[in-house]
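Notes follow once the structure below has been shown.
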Amino acid sequence: MSLQRSVTVIGGGIAGLSASVFLTEKGFKVTLLEASPKLGGRAYSFFDRTKNMFFDNGQHILAGWYINTFEYLKLTGSFDKLNFQKNLEINFLNTDKNIYKLRCPDTDPPMNLVYGLLKFKAFDFKDKFALKNIPGLLKDNSCMSEFSNAAELLNSIKQTGNVLKYFWEPFILAVFNTRPDKVSVRIFLNVLKTGFNAKNTSTLVIPEVDLDELLIKGAVKYFENNNATVFTDHDVKQIVFSGDDESNTKVECLMLGDGRKIYSDFYISAVPFFAFKRLFDERIYLKN
């Protein structure tokens, strides 16, 4: 009988928490290291004593295509705290405080989205005429190599300023947290196909609880019940390598800020790119 394999996950944000949960579920002995005093990374809740209520820091609304997120929430016991829309419905508020409602009918995708946008009162005839090109985005990938970003692609199919302002830009900001000109065409089209090719994926999902309750507390309880080890206030200072040269180099251990070393069969980084780069700025090689 083989021994249980060990893995250390660096970073206790949502990526680190989900990696740790899925690896624990697969039978690995997991150690999770988080540098800050709390788990959740940029997605957490804080209590405002003046308002006497919790506020969320991070994305609160989910989308129906978050399949892996839902698997995570099922494992951590929080899936039943979600409220799924039957059909996509969103209110838009502009700078003049006018409210426009996007409500998609109960028809097959992607026409449910097109029909909803056709009835969207913020659009005039020219805007609605431009919508005829949207279904093509969900079927044809041949145009991917022609454009360097999503903005160029949308301009090529003559999406009007209003359509960009009220639909594409809010959609891209919500999904990618950036502007259309910063988004890969390939990834953009893959998201569209995943999100708008089935009825149950194109709706919004609203949590009934705060982010701590939804994403973090259930995971902590899961780790406790499944013998996973979680350390907060444990900063990884360096990834330590062994080997005489780059051709036979491998990770030896993790060096913590207080000088302790963590050994595992496998190591996973779930930290931002700038934090990950810092771990390699000064490599330490241990001679065999």
Side-chain angles (χ1 to χ4, degrees), residues 6-26 28-84 173-178 191 204-237 239 254 256-258 262 264 266-279:
S6 62
V7 57
T8 296
V9 179
I10 311 171
I14 302 307
L17 288 171
S18 57
S20 299
V21 166
F22 289 128
L23 288 166
T24 299
E25 190 70 13
K26 291 294 184 180
F28 288 88
K29 181 176 176 57
V30 173
T31 298
L32 173 62
L33 304 175
E34 167 57 38
S36 75
K38 63 174 182 60
L39 299 172
R42 297 184 180 181
Y44 64 92
S45 303
F46 65 91
F47 187 76
D48 188 320
R49 294 181 179 179
T50 60
K51 301 291 185 181
N52 195 34
M53 63 185 297
F54 281 96
F55 287 88
D56 286 332
N57 180 67
Q59 180 176 320
H60 188 80
I61 298 176
L62 310 179
W65 67 75
Y66 287 15
I67 298 173
N68 297 121
T69 303
F70 299 147
E71 291 176 357
Y72 167 79
L73 295 176
K74 288 176 182 178
L75 290 173
T76 59
S78 296
F79 183 74
D80 60 352
K81 299 171 183 175
L82 299 175
N83 182 10
F84 287 76
L173 181 63
V175 175
F176 300 101
N177 196 31
T178 190
V191 167
L204 297 181
V205 183
I206 315 298
E208 298 175 347
V209 295
D210 59 66
L211 290 180
D212 269 1
E213 187 72 26
L214 181 71
L215 299 173
I216 302 170
K217 291 182 179 179
V220 171
K221 186 175 181 180
Y222 175 88
F223 296 141
E224 292 172 351
N225 293 337
N226 291 275
N227 299 316
T229 303
V230 178
F231 293 114
T232 55
D233 289 309
H234 278 57
D235 180 33
V236 177
K237 181 180 180 180
I239 297 177
L254 302 179
L256 301 184
D258 60 8
I262 301 292
S264 291
F266 304 100
Y267 304 89
I268 291 180
S269 172
V271 299
F273 70 93
F274 51 84
F276 182 68
K277 180 178 181 296
R278 173 178 58 82
L279 302 178

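The chain is numbered in sequence order, starting from 1.
Closest non-hydrogen pair, Leu17 versus Ala219, comes out as CD2-CB, 4.4 Å. The two atoms that bring Leu32 and Ser20 nearest to each other are CD1-OG, 3.6 Å, heavy atoms only. Taking every heavy atom of both residues into account, Ser264 and Ser6 meet most closely at CA-OG, 3.4 Å. The two residues Ile61 and Pro207 come nearest to each other via the heavy atoms CA-CD, 4.5 Å. Scanning both residues, Tyr267 and Val7, for their nearest heavy atoms gives N-CG2, 4.4 Å. The two residues Leu215 and Ala43 come nearest to each other via the heavy atoms CD1-CB, 4.2 Å.
The aromatic rings of Phe231 and His234 lie parallel to each other, their planes meeting at an angle below 30°, with 60° marking the opposite boundary.
Side chain of Asn226 to backbone of Ala228: no donor-acceptor contact under 3.5 angstrom is found. At distances below 3.5 Å, at least one donor-acceptor pair connects side-chain atoms of Asn57 with backbone N or O atoms of Arg42. Within the 3.5 Å criterion, the main-chain N or O of Lys237 finds no donor-acceptor partner in the side chain of Asp235. Panel note: side chain Ser78, backbone Leu214; a donor-acceptor pair is recorded below 3.5 Å. Although no hydrogens or angles enter the test, the distance criterion places a donor-acceptor pair under 3.5 Å between the side chain of Ser45 and the main chain of Leu211.
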**Study point:** Full working for side-chain contact (heavy atoms from CB on, under 4.5 Å) between Thr24 and Tyr222
**Key:** CA-CA 9 Å; Thr24 299; Tyr222 175 88; 3.8 Å; yes
Exercise for review: Before giving the answer on side-chain contact (heavy atoms from CB on, under 4.5 Å), spell out for Thr178 and Leu173 the whole-Å C-alpha distance, their side-chain angles and the decisive distance to 0.1 Å.
Suggested key: CA-CA 5 Å; Thr178 190; Leu173 181 63; 5.9 Å; no
Review point. Given Phe79 and Phe84, is the ring pair (Phe, Tyr, Trp, His ring centres under 6.0 Å) satisfied, shown in steps?
Key: CA-CA 11 Å; Phe79 183 74; Phe84 287 76; 5.7 Å; yes
Check your understanding: Under the side-chain contact (heavy atoms from CB on, under 4.5 Å) criterion, do Leu75 and Phe22 qualify, and how do the steps go?
Key -> CA-CA 8 Å; Leu75 290 173; Phe22 289 128; 3.7 Å; yes
Practice item. Run the numbers on Ile268 and Thr8 for side-chain contact (heavy atoms from CB on, under 4.5 Å), then give the verdict. Key: CA-CA 6 Å; Ile268 291 180; Thr8 296; over 6 Å; no
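For the atom pair CE of Met53 and CZ of Phe46, the computed distance is 9.5 Å after rounding to the nearest 0.5 Å. Within the model, atoms CG of Leu39 and CG of Asp212 stand 9.5 Å from one another, a figure rounded to the nearest 0.5 Å. Atom CG of Leu73 sits about 7.0 Å away from atom CG of Leu62, to the nearest 0.5 Å. Summarising the geometry, atom CD belonging to Glu224 is positioned 9.0 Å from atom NZ belonging to Lys221; distances are rounded to the nearest 0.5 Å. Within the model, atoms CG of Asn227 and NZ of Lys29 stand 7.0 Å from one another, a figure rounded to the nearest 0.5 Å.
Contact of the Val236 side chain with the Leu256 side chain is registered, since non-hydrogen atoms from C-beta on lie closer than 4.5 Å. Within the 4.5 Å cutoff, the side chain of Phe276 has no heavy atoms near those of the Ile10 side chain. Contact annotation: the side chain of Pro37 approaches that of Asp233 to within less than 4.5 Å [non-hydrogen atoms, C-beta and beyond]. Side-chain atoms of Leu254 and Ile239, non-hydrogen and from C-beta on, do get closer than 4.5 Å to each other. Using a 4.5 Å heavy-atom threshold, the side chains of Val175 and Trp65 count as touching. Annotation: side chain of Phe266 is not in contact with side chain of Leu23 (no heavy-atom distance under 4.5 Å). Contact of the Val30 side chain with the Phe223 side chain is not registered, since no non-hydrogen atoms from C-beta on lie closer than 4.5 Å.
More than 12 heavy atoms of other shown residues, nucleotides or ligands fall within 6.0 angstrom of atom NZ in Lys38.
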